[in-house]
Amino acid sequence: MTKDERTVYVFALRYALPRHTYALSIVSREILSRLNEFEDWELDGMIRDCWIYYPSLDFGGDIDRQKADEFKNKLFTELTKRGRDDLLSRLKDEAERRGL
């Protein structure tokens, strides 16, 4: 997958997160099916995007928050498999600061 194609997936995620529709299910499924094609920094950014949209997910109900959490946790797992403890440590520190 090219850098531009990966960027389109990131844009689709940012579109889907606050929509309160099945869009997040579709976009997250497609990203996860191509997870090994994304760079570490792109996964890091997608986790941060989930956090940015957390306030809007509260209005969409538990299912939106649950789907975003499942997706975010799979990204964390992928970064763990890749041995990116440095990114994981920074992300976990930021999550604590945000109260997530």
Side-chain angles (χ1 to χ4, degrees):
M1 187 168 21
T2 68
K3 183 180 184 311
D4 286 343
E5 289 169 325
R6 293 191 314 268
T7 300
V8 168
Y9 279 101
V10 172
F11 291 159
L13 176 65
R14 289 177 182 164
Y15 172 84
L17 277 165
R19 296 291 168 230
H20 314 300
T21 66
Y22 59 91
L24 181 56
S25 294
I26 294 169
V27 172
S28 62
R29 181 186 68 227
E30 292 303 313
I31 289 171
L32 292 172
S33 74
R34 293 164 176 80
L35 204 53
N36 64 334
E37 299 181 51
F38 288 90
E39 301 288 333
D40 298 345
W41 64 269
E42 292 166 322
L43 301 182
D44 175 84
M46 286 187 252
I47 291 169
R48 292 171 192 279
D49 286 340
C50 288
W51 287 337
I52 288 168
Y53 289 107
Y54 262 31
S56 69
L57 294 173
D58 286 340
F59 298 109
D62 290 339
I63 197 73
D64 291 330
R65 176 71 74 123
Q66 180 183 359
K67 192 57 158 169
D69 280 339
E70 289 171 4
F71 177 67
K72 177 182 57 69
N73 290 337
K74 289 177 182 177
L75 298 179
F76 268 115
T77 299
E78 179 64 21
L79 287 174
T80 301
K81 287 180 191 175
R82 295 181 184 191
R84 291 307 309 264
D85 295 334
D86 56 328
L87 284 178
L88 292 167
S89 177
R90 280 188 297 180
L91 285 166
K92 288 178 182 175
D93 288 345
E94 184 172 341
E96 287 177 14
R97 282 194 311 275
R98 291 175 180 245
L100 301 173

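What you are looking at is a predicted structure, and each value in this text was computed from that prediction instead of being measured. Computed over heavy atoms, backbone and side chain alike; hydrogens, waters and symmetry mates excluded.
The side-chain heavy atoms of Phe76 and Lys72, taken from C-beta on, include a pair separated by under 4.5 Å. Annotation: side chain of Arg97 is in contact with side chain of Asp93 (closest heavy-atom distance under 4.5 Å). Annotation: side chain of Ile31 is not in contact with side chain of Val10 (no heavy-atom distance under 4.5 Å). Met1 is listed as a side-chain neighbour of Tyr9, based on a closest heavy-atom distance under 4.5 Å. Residues Leu75 and Leu79 form no side-chain contact, since every pair of their non-hydrogen atoms from C-beta on lies 4.5 Å or further apart. Between Arg82 and Leu43 the shortest side-chain heavy-atom distance falls below 4.5 Å.
Note on Leu91 and Leu32: same hydrophobic cluster, where clusters join Ile, Leu, Val, Met, Phe, Trp and Tyr whose side-chain heavy atoms are under 4.5 Å apart, directly or indirectly. The hydrophobic clustering, which links ILVMFWY residues whose side-chain heavy atoms are closer than 4.5 Å, places Ile26 and Tyr15 apart.
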Could you walk me through whether Asp69 and Lys67 pass the salt bridge (Lys or Arg N to Asp or Glu O under 4.0 Å) test, one step at a time? CA-CA 5 Å; Asp69 280 339; Lys67 192 57 158 169; over 6 Å; no
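Rounded to the nearest 0.5 Å, atoms CD (Glu70) and OG (Ser25) are 8.5 Å apart. Taking CG of Leu13 as the start and CD of Glu42 as the end, the distance is 12.0 Å to the nearest 0.5 Å. Considering CD of Glu78 and NZ of Lys74, their distance stands at 12.0 Å, rounded to 0.5 Å. Taken from CG in Asp49 to CD1 in Ile47, the straight-line distance is 10.0 Å, to the nearest 0.5 Å. Rounding to the nearest 0.5 Å gives a distance of 11.5 Å between OG of Ser89 and CZ of Arg84.
The existence of a salt bridge linking Arg6 and Asp4 is excluded, since no basic side-chain nitrogen approaches an acidic carboxylate oxygen closer than 4.0 Å. Classification of Asp44 and Arg48 as a salt-bridged pair holds, one side-chain N sitting under 4.0 Å from a carboxylate O. The residues Arg34 and Glu30 are annotated as salt-bridged, a charged nitrogen and a carboxylate oxygen being separated by less than 4.0 angstrom.
Under a 3.5 Å cut-off, the side chain of Thr77 and the backbone N or O of Asn73 do form a donor-acceptor pair.
Ala68 and Leu24 get closest at one heavy-atom pair: N-CD2, 3.9 Å. Here the closest heavy-atom approach between residue Glu5 and residue Thr2 is recorded as OE1-N, 2.7 Å.
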